[in-house]
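Working notes, structure below.
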Amino acid sequence: MLKALFIDLSGVLYEGDKVIPGAVAAIEKARASQLQLRFVTNTSRKTRAQLLNDLQRLGFEVQEKELFTAPVAVHAWLQEKKLRPYCLIHRNIKSEFADLLQTMPNAVVIGDAEQNFCYDKLNRAFQLCQQGAVLVGIGYNRYFKLEGQLLLDAGPFIKAIEFAASAPAIIIGKPSKDFFLQALGSTDLSVDQVLMIGDDIYGDIEGAINAGLLAGLVRTGKYQTGDEHKISAAHLTFNSIVDAVDYALSDQSHH
């Protein structure tokens, strides 16, 4: 029986500044039920505080402890390993890493750096990894969608450094199993009681399935026709978050 929903943000609840139709009411409906909610995102262009702010502005009630972001998870991991990162990340999230020592880096952190992805910085990342620095990815997404266009995400750049330096990356954030399990650890539930809802067939759906969760792909956000056939693992498909929540609530009432 389903006891929790793990929900991706961009493409599932909103696209850019537009709320997906019915999403606010769907989340309220889920909240009014017995379901636990967690919001699980790779977004690496905004701090956790900015995301909470945005969600509130769009009409979503989300508590800080329910929000799991890949940059926060990366920061915790670096701290635990006592690593000094060279951060190739978006200017908006520099503050999330400001308290870490960054001189003589022995780790390279790559997120969605947008205009920061220039040759010199990528080359520096390559040289550090070539010399033995650990390569850490904030998520491994191929692309995301903004204002109706698909845009390159961090994944292709991480892949470039992996290829050039023969250094496999440690991915923190989706599709990493540990990231899903970290969110799961904040509930008192087992994997089979959780449904992950996302618009990315690889990052959200395949990632969740590999972590043992149930997964449902929504046909909003970056979804493209035929995405549901790109992986062989069994998963659900919904028109939007509205149908996904209705499915979860009907599952509850059947038990």
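Start at 1 with the first residue, then count along the sequence.
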> Under the 3.5 angstrom rule, does the side chain of R38 hit a backbone N or O of M196 as a donor-acceptor pair?
Replying inline: no

> What are the two closest heavy atoms between A211 and F180, and how far apart are they?
Replying inline: CB-CB, 3.8 Å

> CG/L88 to CD1/I161 distance, rounded to the nearest 0.5 angstrom?
Replying inline: 7.5 Å

> Between D54 and K46, is there a side-chain N and carboxylate O pair less than 4.0 Å apart?
Replying inline: yes

> D227 side chain to Q224 main-chain N or O, any donor-acceptor pair under 3.5 Å?
Replying inline: yes

> Around M1, counting heavy atoms of other residues, nucleotides and ligands shown, do more than 12 lie under 6.0 Å from its CE?
Replying inline: yes

>> With rounding to the nearest 0.5 angstrom, report the CG to CD1 distance, D112 to I110.
In response: 11.5 Å

> Considering all heavy atoms of both residues, which atom of I197 and which atom of A244 are nearest to each other, and what is their separation?
Replying inline: CD1-CB, 3.6 Å

> In this structure, are over 12 heavy atoms from other groups packed under 6.0 Å from E61 atom CD?
Replying inline: no

> Salt bridge between E114 and R91, side-chain N to carboxylate O under 4.0 Å?
Replying inline: yes

> Distance from K81 atom NZ to W77 atom CH2, nearest 0.5 Å?
Replying inline: 5.5 Å

>> Could you go through R219 and D199, starting from their C-alpha distance and side-chain angles, then the distance that decides it, and tell me whether this counts as salt bridge (Lys or Arg N to Asp or Glu O under 4.0 Å)?
In response: CA-CA 7 Å; R219 296 189 184 95; D199 65 332; over 6 Å; no

> With under 30° as parallel and over 60° as perpendicular, where do the rings of H75 and F97 fit, or are they tilted in between?
Replying inline: tilted

>> As an exercise, state the distance from CZ of R48 to CZ of F39, rounded to the nearest 0.5 Å.
In response: 12.5 Å

> Quick one: which of D200, N141, T41, D204 gives a side-chain hydrogen bond (donor to acceptor under 3.5 Å, both in side chains) with K174?
Replying inline: D204

> Atom CG in L217, atom OG1 in T237: separation rounded to 0.5 Å?
Replying inline: 5.5 Å

>> By the definition side chain to side chain contact (heavy atoms under 4.5 Å, CB included), identify the one residue from V218, V40, L37 that meets it with I7.
In response: L37

>> I'd like to know if the side chain of Q193 and the backbone of S190 have a donor-acceptor N/O pair within less than 3.5 Å.
In response: yes

>> One thing to verify: whether R31 and E66 come together as a salt bridge, which I'm taking to mean a side-chain N less than 4.0 angstrom from a carboxylate O.
In response: yes

>> Do I27 and V62 have side chains that approach each other closer than 4.5 Å (heavy atoms only, starting at C-beta)?
In response: no

>> Are Y247 and F238, when compared by the centres of their aromatic rings, separated by less than 6.0 Å?
In response: yes

> Just how far is it from atom CD1 of I231 to atom CD1 of I209, taken to the nearest 0.5 Å?
Replying inline: 4.0 Å

> Should the heavy atoms of other residues, nucleotides or ligands under 6.0 Å from CD of Q34 be counted, would the total exceed 12?
Replying inline: no

> Is there a donor-acceptor pair under 3.5 Å between the side chain of Q50 and the backbone N or O of T47?
Replying inline: yes

> Hey, does the side chain of K222 reach the backbone of Y143 with a donor-acceptor pair shorter than 3.5 angstrom?
Replying inline: yes

>> Show the nearest heavy-atom pair for residues A125 and Y86, with the distance to one decimal.
In response: N-CE2, 4.0 Å

> Is there a donor-acceptor pair closer than 3.5 Å between any side-chain N or O of N42 and the backbone N or O of A70?
Replying inline: no

> Taking the side chain from Q36 and the backbone from A4, do they hold a donor-acceptor pair closer than 3.5 Å?
Replying inline: no

> Above 12 or not: heavy atoms from other molecules or residues under 6.0 Å from CG of D17?
Replying inline: no

